[in-house]
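Structure, as structure tokens:
FYI, side chains are in, hydrogens and waters are out, and symmetry mates aren't considered; it's all heavy atoms of this structure.
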Amino acid sequence: MEVRTNLEKIVSKIESAAHRSNRNPEDVNIIAVTKYVSIDRAKEAVGAGLSHLGENRQEGLIEKVEAFEEQPVWHFIGTLQSRKVKEIIAHVDYIHSLDRRSLAKEINKRATKKMKCFVQINVSGEESKHGLTPEQVMPFVESLKNYPNIEVVGLMTMAPHIKDADEIRAVFQQLRELQTLVQKQSFEHAPCKELSMGMSNDFEIAVEEGATFVRIGSSLVG
Ligand SMILES: *Cc1c(COP(=O)(O)O)cnc(C)c1O
């Protein structure tokens with residue numbers, strides 16, 4: 001399928017989901033997750049109008065960065081090892097996987113400008129998933145005030161890979177509740193306006209529950 005065709009379907013689903021919850025669909029940004037696909041396919045995505053691309057590995061990111069003359073907005077969405085930070089930091093606009101002090105320290109040290117970060121939270125508590133527990137979020141976010149190169153733009157989560165829509169919805173709702181708690185603190189370093197949640201299988205629920213960035217791979221670019 002052409003990216004353009006997939007995108008039209010996804011945009012229309014996002015619009016419906018946004019309207020169901022009285023949201024403006026324009027507040028939802030689509031990140032095309034290109035981790036599975038070729039450089040040509042990533043270029044096709046940009047040609048179709050997608051300006052945000054996401055990669056989860058350093059190699060995939062650098063390879064694609066090098067292939068673009070004009071850079072899209074790059075999102076690093078995967079587990080990030082501290083030792084890889086210096087290789088990716090100059091190329092990415094957002095990091096979605098900040099989940100520990102050592103990583104924050106390294107990002108702060110290597111960044112040449114304020115880095116937009118999402119704090120990743122393992123809401124569902126699945127062992128296979130990275131991220132902080134909900135209880136760890138507030139003290140962690142607060143501790144980041146000591147890192148001038150880090151801005152906490154929002155929270156990120158991955159819902160469990162299950163069919164039960166109510167269970168998925170509960171995960172997204174909990175992320176939004178955590179966001180509200182952080183926002184109440186009015187931290188200068190953590191405006192926390194964004195919610196990065198929703199993938200191919202669950203982005204409509206995520207939009208209904210307040211997602212401002214959905215990360216879509218397989219159903220968009222393949
Ligand atoms: C791969 C990946 C996605 C996209 O997943 P799809 O199900 O293919 O849409 C989104 N977020 C993260 C963190 C990923 O690793």
Side-chain angles (χ1 to χ4, degrees), residues 29-43 45-46 50-122 128-133 136-158 175 182 187-197 199 212-217 221:
N29 300 285
I30 301 172
I31 301 171
V33 177
T34 52
K35 67 186 186 195
Y36 317 102
V37 303
S38 67
I39 287 168
D40 283 348
R41 189 70 165 167
K43 288 188 168 170
V46 173
L50 288 153
S51 53
H52 295 267
L53 299 192
E55 282 283 331
N56 70 340
R57 284 172 42 252
Q58 173 221 340
E59 295 79 8
L61 172 76
I62 302 294
E63 173 192 86
K64 292 198 177 74
V65 164
E66 286 173 352
F68 279 96
E69 269 173 44
E70 221 177 294
Q71 296 300 321
V73 178
W74 283 109
H75 295 257
F76 196 88
I77 61 168
T79 308
L80 182 52
Q81 293 170 297
S82 295
R83 64 188 171 83
K84 301 262 167 131
V85 168
K86 67 174 183 296
E87 288 152 57
I88 63 141
I89 194 111
H91 305 296
V92 297
D93 300 286
Y94 292 84
I95 293 173
H96 288 244
S97 43
L98 177 55
D99 64 354
R100 56 195 192 279
R101 270 297 266 283
S102 54
L103 181 58
K105 205 171 161 186
E106 185 66 11
I107 292 171
N108 186 63
K109 178 173 157 192
R110 302 287 180 184
T112 53
K113 57 174 195 303
K114 216 179 249 300
M115 196 65 222
K116 296 187 176 80
C117 297
F118 287 86
V119 170
Q120 182 169 354
I121 301 163
N122 183 359
S128 60
K129 289 209 159 68
H130 289 264
L132 299 170
T133 66
Q136 290 170 327
V137 175
M138 282 304 291
F140 181 70
V141 170
E142 181 157 21
S143 75
L144 298 175
K145 69 170 182 282
N146 300 319
Y147 299 118
N149 285 335
I150 291 183
E151 179 180 17
V152 180
V153 296
L155 305 181
M156 178 274 205
T157 199
M158 290 171 83
L175 195 71
V182 174
F187 291 131
E188 205 175 313
H189 70 286
C192 209
K193 292 212 171 76
E194 315 294 347
L195 286 175
S196 168
M197 57 190 198
M199 313 184 3
T212 60
F213 284 93
V214 291
R215 311 177 307 267
I216 307 185
V221 289

Non-hydrogen atoms of R215 and T157 that approach each other most closely: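 Looking at all heavy atoms of both residues, the shortest contact is NH2-O, 3.2 Å.
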Heavy-atom closest contact (K86 atom, I89 atom, distance):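 Smallest heavy-atom distance, with atoms named: O-CG2, 4.0 Å.
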Whether over 12 other heavy atoms sit under 6.0 Å from K114 NZ: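 Yes, the 6.0 Å shell around NZ holds more than 12 heavy atoms from other groups.
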Contact check, side chains of I77 and V33, non-hydrogen atoms, under 4.5 Å: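 When only atoms from C-beta onward are counted, V33 and I77 do touch, with a gap below 4.5 Å.
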Spacing of I95 atom CD1 and I107 atom CD1 [to the nearest 0.5 Å]: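 Separation between the atoms: 4.0 Å.
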Gap between atom CG of N122 and atom CG of D99 - 0.5 Å precision: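 Going from the CG atom of D99 to the CG atom of N122 covers 9.5 Å.
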All side-chain hydrogen bond (donor to acceptor under 3.5 Å, both in side chains) counterparts of [X], not counting sequence neighbours:
X    : result
R57  : none
K129 : E126
E63  : none
H189 : none

Sub-3.5 Å donor-acceptor pair from the side chain of [X] to the main-chain atoms of [Y], do we have one?
X    : Y    : answer
S97  : T79  : no
Q58  : I88  : no
T212 : L195 : yes

Which residues share a side-chain contact (heavy atoms from CB on, under 4.5 Å) with A67, sequence neighbours left out: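 A67 satisfies side-chain contact (heavy atoms from CB on, under 4.5 Å) with I39, K43 only.
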Taking distance alone, no hydrogens or angles, what donor-acceptor pairs closer than 3.5 Å link side-chain atoms of residues 142-151 to residues at least two apart or in another chain?
unit_1, atom_1, unit_2, atom_2, d
S143, OG, F140, O, 2.6
N146, ND2, S143, O, 3.4
Y147, OH, R101, NE, 3.2
N149, ND2, N108, O, 2.9
N149, ND2, A111, O, 3.4

